[in-house]
Amino acid sequence: MNALIALTPGDGIGPEVVAEARRTLEAIGDRFQHQFKFTEHLLGGCAIDAHGTALPADTLAGCRAADAILLGAVGGPKWDDPQAKVRPEQGLLAIRKELGLYANLRPVCPHPALAKLSPLKPERVAGVDIMVIRELTGGLYFGTPKGREQTPEGERAVDTMVYTEGEIRRIVRLAFEIATKRRKLVTSVDKANVLETSRLWRKVAIEVGREFPGVKLEHQLVDSCAMRLITHASQFDVIVTENMFGDILTDEAAVLAGSLGLLPSASLGEGRRGLYEPIHGSAPDIAGKGMANPTGTILSAALLLRHSLGLEAEARCIEAAVACALDDGEFTADLGAVRPLSTTQMGDAIRERLDPARRVPTGSRSLD
Ligand code: NAD
């Protein structure tokens, strides 16, 4: 296969972790005989410094031309002035909007060797393997009217939650399609006892569910879902929900894994082109020190292979290599290692294990 991958390393640790993901994709290309070409573009704070805008036109053009985009992270104290007219995260929101990326996927599958890092008891984390799917372009964050006004009683603020049937249908359908390849359970999360948008969400979810007789659909109110994620997370397979509920639940689910440095994400739209990024930010406190964990970005590259390039075996090869490296006790500083690996050493440890012959089972070693 020939594929063009746009890299937007961004700010802080972004360039460090994206470099490891690129090397891993190159190694996969060699192993499976694919031609991956890469282009590199400015996005976020570095783009503001160079061009005065967080999403320069040539970055957008480069991303449109590519089969997939791999992003590091954007932002940092240098661009944090709340009065600033241009902000790094505008670049991220703009690129999602320009590319019509309406679905955010976050797999959460805590590794047994890292169970001690989770704030939950190991028995509550055992067996957790969830795909959380968040609607990304509708709901409260984008609905109008939105704003603040002075009234005789003081200031008044309004946000509006809006969803159309079409917006709900496409994301719920995606959740069902993904569930068919997993454990065939979709949990649709809403607040149908209070919100009209949620009642429409539930109606559409039921209609879509009829198209997938092999997949079980359950409905859960967002407040009880938040509790169940802590008490019985292993009962979930695919969770699908609207933008704001998803914003909150994805972060809650991420905590189960124990470290921000481990988790990947994908943002998908109508076509195959998607944007892939680790869930963490630019970690300015450790930027430039060579200690960032590249695993979340490397696993994002695996999602890129699966969802944008249709290369399932190659994606699984990376995921198996990561699991094996963690099994073998290859840990960066954020994973509590006594003698932590650097960013590059962690990338090397994963790449060495792309070869199944190098994945010698050592038995799962946990953190001591
Ligand atoms: P953060 O995720 O950058 O860092 C939180 C903590 O986790 C820090 O202690 C950091 O050192 C650690 N950490 C994060 N990723 C790590 C990794 N790969 N390896 C090891 N340790 C890691 O969150 P923050 O500090 O709240 O935000 C920093 C900046 O990142 C802010 O400007 C924020 O706006 C931005 N941000 C960007 C994105 C994005 O680009 N998608 C997401 C979140 C935050």
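Along the sequence shown, the residues carry numbers beginning at 1. Ligands are counted one by one from 1 in listed order, and the atoms in each one are counted from 1 as well.
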For ligand 1, which of its N or O atoms have a protein N or O partner closer than 3.5 Å, and how long is each gap?
from, atom 1, to, atom 2, distance (Å)
ligand 1, 2 (O), Gly281, N, 2.7
ligand 1, 3 (O), Gly281, N, 3.4
ligand 1, 3 (O), Ser282, N, 3.3
ligand 1, 3 (O), Ala283, N, 2.7
ligand 1, 9 (O), Asp285, OD2, 2.9
ligand 1, 11 (O), Asp285, OD1, 2.9
ligand 1, 11 (O), Asp285, OD2, 3.0
ligand 1, 18 (N), His280, NE2, 3.2
ligand 1, 18 (N), Asn293, O, 3.0
ligand 1, 19 (N), Asn293, N, 2.8
ligand 1, 30 (O), Ser282, N, 3.0
ligand 1, 30 (O), Ser282, OG, 3.2
ligand 1, 32 (O), Gly76, N, 3.0
ligand 1, 40 (O), Val74, N, 2.8
ligand 1, 41 (N), Glu277, OE1, 3.2

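Judged purely by distance below 3.5 Å, without hydrogens or angles, the side chains of Thr137 and Glu135 pair a donor atom with an acceptor atom. Side-chain N/O atoms of Ser282 and Asp11 include no donor and acceptor closer than 3.5 Å. A donor-acceptor pair shorter than 3.5 Å can be found between the side chains of Tyr141 and Asp247.
By the 6.0 Å and 45° rule, Arg134 does not stack over the aromatic ring of Phe245.
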Decide yes or no on salt bridge (charged side-chain N to carboxylate O under 4.0 Å, His left out) for Asp81 and Arg87, but give the supporting numbers first.
CA-CA 8 Å; Asp81 177 3; Arg87 297 176 56 86; over 6 Å; no
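Within the structure, side chain to side chain donor-acceptor pair (under 3.5 Å) pairs that include any residue of residues 117-133 comprise Asp129-Arg182 (at least two apart or interchain).
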